[in-house]
Amino acid sequence: MRGLLGIEPLERAEIEAILERARAFQTRESHKEILQGRMVVNLFFEASTRTRTSFEIAAKRLGADAVSITAAASSVSKGESLVDTLNTLNAMRPDAIIMRHAASGAPHFLARHLRETPIVNAGDGTHEHPTQALLDARTILDRGKKLEGLRAAIIGDIAHSRVARSNVHLLSKFGARVVLCGPAPLLPKELAQIAPGVELSYDIREAIREADVIMMLRVQLERQHEASFPAGEYFRFYGLRLEHLGLAKPDAIVMHPGPINRGREISSEVADSQSSVILSQVENGIAVRMAVLERILRS
Ligand code: NCD
(Lines give C-alpha, C1' and ligand atoms only; values in the text may rest on other atoms or scores of the structure.)
Protein backbone atom coordinates (compact mmCIF):
# COMPACT_ATOMS: atom_id res chain seq x y z
CA MET A 1 0.00 0.00 0.00
CA ARG A 2 1.78 3.16 -1.23
CA GLY A 3 -0.77 5.66 -0.05
CA LEU A 4 -4.52 5.60 0.40
CA LEU A 5 -6.56 7.06 -2.44
CA GLY A 6 -9.86 5.27 -1.93
CA ILE A 7 -11.69 2.31 -0.42
CA GLU A 8 -12.78 0.92 -3.79
CA PRO A 9 -9.35 -0.52 -4.76
CA LEU A 10 -8.65 -2.02 -1.31
CA GLU A 11 -8.83 -5.70 -0.49
CA ARG A 12 -11.02 -6.73 2.40
CA ALA A 13 -7.94 -8.03 4.28
CA GLU A 14 -6.24 -4.61 4.06
CA ILE A 15 -9.32 -2.94 5.51
CA GLU A 16 -9.49 -5.51 8.30
CA ALA A 17 -5.82 -4.97 9.14
CA ILE A 18 -6.30 -1.18 9.44
CA LEU A 19 -9.44 -1.55 11.57
CA GLU A 20 -7.73 -4.05 13.86
CA ARG A 21 -4.61 -1.92 14.23
CA ALA A 22 -6.75 1.15 15.01
CA ARG A 23 -7.99 -0.62 18.14
CA ALA A 24 -4.50 -0.47 19.58
CA PHE A 25 -4.51 3.29 19.06
CA GLN A 26 -7.80 3.96 20.83
CA THR A 27 -5.99 4.62 24.11
CA ARG A 28 -3.91 7.75 24.62
CA GLU A 29 -0.72 5.81 25.22
CA SER A 30 2.40 7.20 23.59
CA HIS A 31 3.48 5.66 20.27
CA LYS A 32 6.00 8.32 19.39
CA GLU A 33 8.69 5.85 18.39
CA ILE A 34 6.66 4.65 15.39
CA LEU A 35 7.12 7.66 13.12
CA GLN A 36 9.83 9.55 14.98
CA GLY A 37 11.54 12.05 12.70
CA ARG A 38 9.10 11.68 9.79
CA MET A 39 7.21 14.61 8.28
CA VAL A 40 3.59 14.66 7.18
CA VAL A 41 2.14 17.59 5.22
CA ASN A 42 -1.60 18.28 5.35
CA LEU A 43 -2.62 20.10 2.18
CA PHE A 44 -6.23 21.22 2.45
CA PHE A 45 -7.89 23.09 -0.42
CA GLU A 46 -11.34 22.83 1.22
CA ALA A 47 -12.79 23.62 4.62
CA SER A 48 -12.26 21.03 7.35
CA THR A 49 -12.38 20.82 11.13
CA ARG A 50 -12.41 17.14 12.08
CA THR A 51 -10.39 15.60 9.28
CA ARG A 52 -7.47 18.02 9.27
CA THR A 53 -7.19 18.21 13.05
CA SER A 54 -7.35 14.47 13.49
CA PHE A 55 -4.72 13.79 10.82
CA GLU A 56 -2.51 16.32 12.60
CA ILE A 57 -3.07 14.75 16.03
CA ALA A 58 -2.59 11.25 14.57
CA ALA A 59 0.76 12.19 13.02
CA LYS A 60 1.92 13.84 16.25
CA ARG A 61 0.88 10.91 18.44
CA LEU A 62 3.06 8.71 16.26
CA GLY A 63 5.99 11.07 16.74
CA ALA A 64 5.96 12.62 13.25
CA ASP A 65 6.13 16.34 12.53
CA ALA A 66 2.88 17.59 11.03
CA VAL A 67 2.56 20.76 8.98
CA SER A 68 -0.83 21.98 7.78
CA ILE A 69 -1.40 24.21 4.80
CA THR A 70 -4.79 25.59 3.95
CA ALA A 71 -5.37 26.90 0.44
CA ALA A 72 -6.77 30.25 1.52
CA ALA A 73 -3.58 31.02 3.43
CA SER A 74 -1.18 29.63 0.82
CA SER A 75 0.21 30.83 -2.50
CA VAL A 76 -2.71 29.11 -4.22
CA SER A 77 -4.60 32.28 -3.42
CA LYS A 78 -1.83 34.16 -5.28
CA GLY A 79 -2.51 32.21 -8.47
CA GLU A 80 0.01 29.39 -8.16
CA SER A 81 -0.99 26.26 -10.10
CA LEU A 82 -1.63 22.93 -8.38
CA VAL A 83 1.49 21.39 -9.95
CA ASP A 84 3.69 24.29 -8.83
CA THR A 85 2.29 24.14 -5.29
CA LEU A 86 2.93 20.40 -5.18
CA ASN A 87 6.45 20.67 -6.55
CA THR A 88 7.24 23.37 -3.99
CA LEU A 89 5.97 21.23 -1.11
CA ASN A 90 7.68 18.15 -2.42
CA ALA A 91 11.01 19.97 -2.54
CA MET A 92 10.77 20.09 1.27
CA ARG A 93 10.84 16.26 1.20
CA PRO A 94 7.75 15.30 3.17
CA ASP A 95 7.29 11.59 3.93
CA ALA A 96 3.59 11.73 3.10
CA ILE A 97 1.04 14.27 1.85
CA ILE A 98 -2.57 14.26 3.07
CA MET A 99 -4.76 16.06 0.59
CA ARG A 100 -8.29 17.40 0.43
CA HIS A 101 -9.49 19.01 -2.78
CA ALA A 102 -12.81 20.04 -4.32
CA ALA A 103 -11.95 18.26 -7.59
CA SER A 104 -12.65 14.53 -7.75
CA GLY A 105 -9.40 12.80 -8.69
CA ALA A 106 -7.04 15.56 -7.49
CA PRO A 107 -5.11 13.24 -5.10
CA HIS A 108 -4.81 10.62 -7.85
CA PHE A 109 -3.28 13.29 -10.07
CA LEU A 110 -0.90 14.18 -7.26
CA ALA A 111 0.01 10.51 -6.74
CA ARG A 112 0.89 10.11 -10.42
CA HIS A 113 2.89 13.32 -10.38
CA LEU A 114 4.86 12.59 -7.19
CA ARG A 115 5.49 8.88 -7.58
CA GLU A 116 7.78 8.48 -4.59
CA THR A 117 5.63 10.29 -1.97
CA PRO A 118 2.65 8.41 -0.51
CA ILE A 119 -0.58 10.38 -0.78
CA VAL A 120 -3.61 10.02 1.46
CA ASN A 121 -6.94 11.21 0.11
CA ALA A 122 -8.72 13.26 2.80
CA GLY A 123 -11.74 13.84 0.54
CA ASP A 124 -11.75 14.54 -3.21
CA GLY A 125 -14.82 16.31 -4.55
CA THR A 126 -17.76 13.93 -4.74
CA HIS A 127 -15.57 10.86 -5.14
CA GLU A 128 -14.08 9.25 -1.99
CA HIS A 129 -13.17 9.95 1.62
CA PRO A 130 -11.51 6.67 2.60
CA THR A 131 -10.48 7.43 6.19
CA GLN A 132 -14.05 8.53 6.96
CA ALA A 133 -15.41 5.13 5.90
CA LEU A 134 -12.70 3.40 7.94
CA LEU A 135 -13.50 5.37 11.09
CA ASP A 136 -17.20 4.74 10.52
CA ALA A 137 -16.55 0.99 10.27
CA ARG A 138 -14.43 1.08 13.44
CA THR A 139 -17.31 2.85 15.24
CA ILE A 140 -19.88 0.30 14.02
CA LEU A 141 -17.66 -2.60 15.18
CA ASP A 142 -17.07 -0.91 18.56
CA ARG A 143 -20.84 -1.05 19.14
CA GLY A 144 -20.70 -4.84 18.91
CA LYS A 145 -22.13 -5.02 15.39
CA LYS A 146 -20.82 -7.18 12.57
CA LEU A 147 -20.38 -5.76 9.08
CA GLU A 148 -21.47 -9.05 7.50
CA GLY A 149 -25.25 -8.91 7.13
CA LEU A 150 -25.45 -5.38 8.56
CA ARG A 151 -28.29 -3.23 7.30
CA ALA A 152 -27.25 0.40 6.83
CA ALA A 153 -29.40 3.31 5.69
CA ILE A 154 -27.43 6.26 4.30
CA ILE A 155 -29.71 9.27 4.05
CA GLY A 156 -29.31 12.72 2.50
CA ASP A 157 -27.39 14.30 -0.34
CA ILE A 158 -26.00 11.07 -1.75
CA ALA A 159 -25.16 12.54 -5.15
CA HIS A 160 -22.52 14.88 -3.78
CA SER A 161 -21.27 12.69 -0.96
CA ARG A 162 -17.79 11.18 -1.01
CA VAL A 163 -18.60 9.84 2.47
CA ALA A 164 -21.52 7.83 1.05
CA ARG A 165 -19.39 6.44 -1.79
CA SER A 166 -16.53 5.31 0.44
CA ASN A 167 -18.97 3.78 2.92
CA VAL A 168 -20.86 1.93 0.19
CA HIS A 169 -17.61 0.42 -1.10
CA LEU A 170 -16.45 -0.60 2.35
CA LEU A 171 -19.75 -1.99 3.62
CA SER A 172 -20.48 -3.88 0.43
CA LYS A 173 -17.04 -5.58 0.50
CA PHE A 174 -18.12 -7.07 3.83
CA GLY A 175 -21.54 -8.20 2.67
CA ALA A 176 -23.61 -5.45 4.29
CA ARG A 177 -26.87 -4.29 2.71
CA VAL A 178 -26.96 -0.56 2.09
CA VAL A 179 -30.07 1.49 1.39
CA LEU A 180 -29.30 4.90 -0.08
CA CYS A 181 -32.08 7.39 0.54
CA GLY A 182 -32.73 10.99 -0.45
CA PRO A 183 -34.82 13.18 -2.71
CA ALA A 184 -34.64 12.12 -6.38
CA PRO A 185 -32.42 15.02 -7.53
CA LEU A 186 -29.85 14.01 -4.89
CA LEU A 187 -30.10 10.26 -5.51
CA PRO A 188 -29.24 9.35 -9.10
CA LYS A 189 -30.41 5.88 -10.16
CA GLU A 190 -26.91 4.85 -11.32
CA LEU A 191 -25.83 4.71 -7.68
CA ALA A 192 -27.63 1.37 -7.30
CA GLN A 193 -24.91 -0.08 -9.53
CA ILE A 194 -21.81 1.15 -7.73
CA ALA A 195 -21.47 -1.94 -5.55
CA PRO A 196 -23.32 -5.18 -4.79
CA GLY A 197 -26.02 -5.07 -2.12
CA VAL A 198 -27.07 -1.46 -2.74
CA GLU A 199 -30.73 -0.43 -2.90
CA LEU A 200 -32.30 2.99 -3.41
CA SER A 201 -35.27 4.46 -1.60
CA TYR A 202 -36.93 7.86 -1.76
CA ASP A 203 -38.79 7.31 1.49
CA ILE A 204 -36.92 7.84 4.75
CA ARG A 205 -39.26 5.56 6.72
CA GLU A 206 -38.80 2.69 4.30
CA ALA A 207 -35.01 3.17 4.36
CA ILE A 208 -34.80 3.16 8.14
CA ARG A 209 -37.01 0.12 8.71
CA GLU A 210 -34.98 -2.63 10.44
CA ALA A 211 -31.73 -0.70 10.00
CA ASP A 212 -28.75 -1.40 12.28
CA VAL A 213 -27.07 1.83 11.26
CA ILE A 214 -28.63 5.14 10.20
CA MET A 215 -26.04 7.39 8.62
CA MET A 216 -27.15 10.96 8.00
CA LEU A 217 -25.44 13.28 5.51
CA ARG A 218 -25.26 17.03 5.21
CA VAL A 219 -26.81 18.72 2.18
CA GLN A 220 -23.66 19.84 0.36
CA LEU A 221 -24.86 23.22 -0.85
CA GLU A 222 -21.34 24.13 -1.97
CA ARG A 223 -21.46 21.33 -4.56
CA GLN A 224 -24.98 21.95 -5.87
CA HIS A 225 -25.43 23.90 -9.05
CA GLU A 226 -29.19 24.00 -9.04
CA ALA A 227 -31.69 25.61 -6.69
CA SER A 228 -31.78 23.68 -3.44
CA PHE A 229 -34.70 22.63 -1.26
CA PRO A 230 -35.82 25.14 1.35
CA ALA A 231 -34.37 23.93 4.68
CA GLY A 232 -37.79 23.45 6.33
CA GLU A 233 -39.12 21.39 3.44
CA TYR A 234 -36.03 19.21 3.39
CA PHE A 235 -36.27 18.56 7.11
CA ARG A 236 -39.94 17.63 6.82
CA PHE A 237 -39.22 14.87 4.30
CA TYR A 238 -35.64 13.80 4.94
CA GLY A 239 -34.69 15.09 8.38
CA LEU A 240 -34.13 12.41 11.04
CA ARG A 241 -36.42 12.87 14.06
CA LEU A 242 -36.96 10.88 17.25
CA GLU A 243 -40.19 9.39 15.89
CA HIS A 244 -38.17 7.65 13.14
CA LEU A 245 -35.88 5.76 15.50
CA GLY A 246 -38.60 3.28 16.47
CA LEU A 247 -38.62 1.96 12.91
CA ALA A 248 -35.02 0.82 13.12
CA LYS A 249 -33.65 -2.13 15.12
CA PRO A 250 -33.86 -1.43 18.88
CA ASP A 251 -30.08 -1.06 19.23
CA ALA A 252 -29.62 0.92 16.00
CA ILE A 253 -27.01 3.67 16.00
CA VAL A 254 -27.20 7.11 14.39
CA MET A 255 -24.06 8.30 12.61
CA HIS A 256 -23.06 11.53 10.87
CA PRO A 257 -19.63 12.48 9.50
CA GLY A 258 -20.16 16.10 10.56
CA PRO A 259 -20.48 18.98 10.30
CA ILE A 260 -24.11 18.51 11.36
CA ASN A 261 -26.82 21.01 10.48
CA ARG A 262 -29.35 20.75 13.29
CA GLY A 263 -32.90 21.14 12.06
CA ARG A 264 -31.91 20.47 8.47
CA GLU A 265 -30.88 16.79 8.13
CA ILE A 266 -31.10 15.83 11.82
CA SER A 267 -33.06 17.08 14.82
CA SER A 268 -31.17 18.21 17.90
CA GLU A 269 -32.94 15.56 19.98
CA VAL A 270 -31.60 12.78 17.75
CA ALA A 271 -28.10 14.27 17.46
CA ASP A 272 -27.85 14.41 21.26
CA SER A 273 -29.66 11.11 21.92
CA GLN A 274 -28.27 7.87 23.35
CA SER A 275 -28.40 6.36 19.86
CA SER A 276 -26.04 8.96 18.43
CA VAL A 277 -22.38 7.93 18.02
CA ILE A 278 -21.32 11.13 16.28
CA LEU A 279 -18.63 12.00 18.82
CA SER A 280 -17.32 8.42 18.91
CA GLN A 281 -16.81 8.78 15.16
CA VAL A 282 -14.71 11.89 15.75
CA GLU A 283 -12.70 10.10 18.43
CA ASN A 284 -12.09 7.09 16.20
CA GLY A 285 -10.88 9.44 13.47
CA ILE A 286 -7.59 9.78 15.31
CA ALA A 287 -7.05 6.05 15.93
CA VAL A 288 -7.90 5.08 12.36
CA ARG A 289 -5.69 7.79 10.88
CA MET A 290 -2.82 6.65 13.11
CA ALA A 291 -3.27 3.13 11.72
CA VAL A 292 -3.28 4.46 8.15
CA LEU A 293 -0.21 6.66 8.63
CA GLU A 294 1.69 3.84 10.28
CA ARG A 295 0.81 1.49 7.45
CA ILE A 296 1.94 3.78 4.66
CA LEU A 297 5.04 5.17 6.40
CA ARG A 298 6.56 2.39 8.43
CA SER A 299 9.06 0.63 6.21
C1 NCD B 1 -17.44 15.41 5.28
C2 NCD B 1 -16.60 15.80 4.10
O3 NCD B 1 -15.90 16.82 4.10
O4 NCD B 1 -16.62 15.04 3.16
N5 NCD B 1 -16.95 15.84 6.49
C6 NCD B 1 -15.93 15.15 7.11
O7 NCD B 1 -14.87 14.96 6.56
N8 NCD B 1 -16.15 14.69 8.34
C9 NCD B 1 -18.87 15.58 5.06
C10 NCD B 1 -19.42 16.95 4.83
O11 NCD B 1 -18.71 17.91 4.59
O12 NCD B 1 -20.65 17.06 4.88
Side-chain angles (χ1 to χ4, degrees), residues 4-8 22 42-59 68 70-72 98-108 119-140 152 154-171 180-183 186-187 191 213-224 228-229 231 234-235 238-240 253-266 270-271 276-290 292-293:
L4 176 62
L5 297 179
I7 295 292
E8 191 177 6
N42 276 318
L43 181 56
F44 276 59
F45 291 90
E46 261 196 357
S48 171
T49 315
R50 281 148 281 267
T51 308
R52 189 169 59 91
T53 318
S54 65
F55 265 115
E56 234 173 83
I57 295 171
S68 286
T70 41
I98 320 292
M99 186 198 210
R100 170 171 285 194
H101 200 283
S104 301
H108 307 70
I119 310 298
V120 178
N121 180 3
D124 64 322
T126 60
H127 178 226
E128 278 228 44
H129 190 351
T131 55
Q132 180 69 43
L134 289 165
L135 73 89
D136 289 340
R138 186 62 268 162
T139 308
I140 295 169
I154 307 183
I155 301 163
D157 181 359
I158 311 287
H160 301 101
S161 179
R162 52 201 180 201
V163 174
R165 266 175 196 71
S166 287
N167 265 292
V168 165
H169 287 305
L170 191 152
L171 293 169
L180 300 175
C181 174
L186 302 180
L187 183 56
L191 283 171
V213 168
I214 306 170
M215 188 180 289
M216 301 307 295
L217 300 173
R218 184 175 64 87
V219 180
Q220 312 230 333
L221 295 172
E222 74 277 23
R223 289 185 226 288
Q224 295 182 8
S228 64
F229 293 83
Y234 184 87
F235 184 67
Y238 292 100
L240 186 67
I253 53 172
V254 175
M255 309 182 79
H256 193 308
I260 65 172
N261 284 193
R262 290 169 188 264
R264 187 164 185 126
E265 71 273 7
I266 190 166
V270 173
S276 162
V277 297
I278 297 173
L279 294 177
S280 306
Q281 291 173 264
V282 176
E283 203 178 333
N284 274 332
I286 297 175
V288 158
R289 289 172 178 126
M290 287 171 79
V292 167
L293 289 176

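All ligand and atom numbering here is 1-based and tracks the order in the structure. Every heavy atom of this structure was used, including side-chain atoms; hydrogens, water molecules and symmetry mates were not.
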> Look at atom 10 (C) of ligand 1 and say which protein heavy atom is nearest, naming residue and atom and giving the distance to 0.1 Å.
Gln220 NE2, 3.3 Å
> Of the protein's non-hydrogen atoms, which lies at the shortest distance from atom 2 (C) of ligand 1, and what is that distance?
Arg162 NH2, 3.4 Å
> Judged by modelled atom types alone, do Arg100 and His129 share a side-chain donor-acceptor pair under 3.5 Å?
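Yes, side-chain donor-acceptor contact under 3.5 Å.
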> Less than 4.5 Å apart, side chain to side chain, heavy atoms only: is that true for Ile98 and Leu293?
yes
> Check each atom of ligand 1 against the heavy atoms of His129 and keep those under 4.0 Å away; list them by number with element.
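Within the 4.0 Å cut-off of His129, ligand 1 contributes 2 (C), 4 (O), 6 (C), 7 (O).
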> Ignoring angles and geometry beyond distance, decide whether Pro259 reaches within less than 3.5 Å of ligand 1 through its nitrogen or oxygen atoms.
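No, there is no polar N/O contact under 3.5 Å.
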> Below 4.0 Å, non-hydrogen atoms only: which portion of Leu217 touches ligand 1? Side chain, backbone, both or neither.
neither
> Would Val219 and Tyr238 satisfy side chain to side chain contact (heavy atoms under 4.5 Å, CB included), going step by step from the backbone distance to the final call?
CA-CA 10 Å; Val219 180; Tyr238 292 100; over 6 Å; no
> Please check: side-chain N/O of His160 versus main-chain N/O of Arg223, any donor-acceptor pairing under 3.5 Å?
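Flag set: sc His160 to bb Arg223 pair under 3.5 Å.
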> In the protein, which heavy atom is nearest to atom 12 (O) of ligand 1, and how far is it?
Arg218 NE, 2.7 Å
> What I'd like to find out is whether the side chain of Asp136 reaches to under 4.5 Å of the side chain of Gln281, using heavy atoms alone.
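Heavy-atom side-chain distance check passes, below 4.5 Å.
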> Does the side chain of Ser68 reach to within under 4.5 Å of the side chain of Arg52, using non-hydrogen atoms?
yes
> Considering non-hydrogen atoms of the protein only, which is the closest contact for atom 5 (N) of ligand 1, and what is the distance?
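For atom 5 (N) of ligand 1, the nearest protein heavy atom is Gly258 O, 2.9 Å.
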> Which residue holds the protein heavy atom closest to atom 8 (N) of ligand 1, what is that atom called, and what is the gap in Å?
Pro257 O, 2.8 Å
> Are Glu265 and His256 close enough that a side-chain donor and a side-chain acceptor fall under 3.5 Å?
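Result is yes, a qualifying pair exists.
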> Between ligand 1 and Arg100, can you find any atom pair, the residue atom being a heavy atom, that is separated by under 4.0 Å?
yes
> Is it the case that ligand 1 has an N or O less than 3.5 angstrom from some N or O of Gln132?
yes
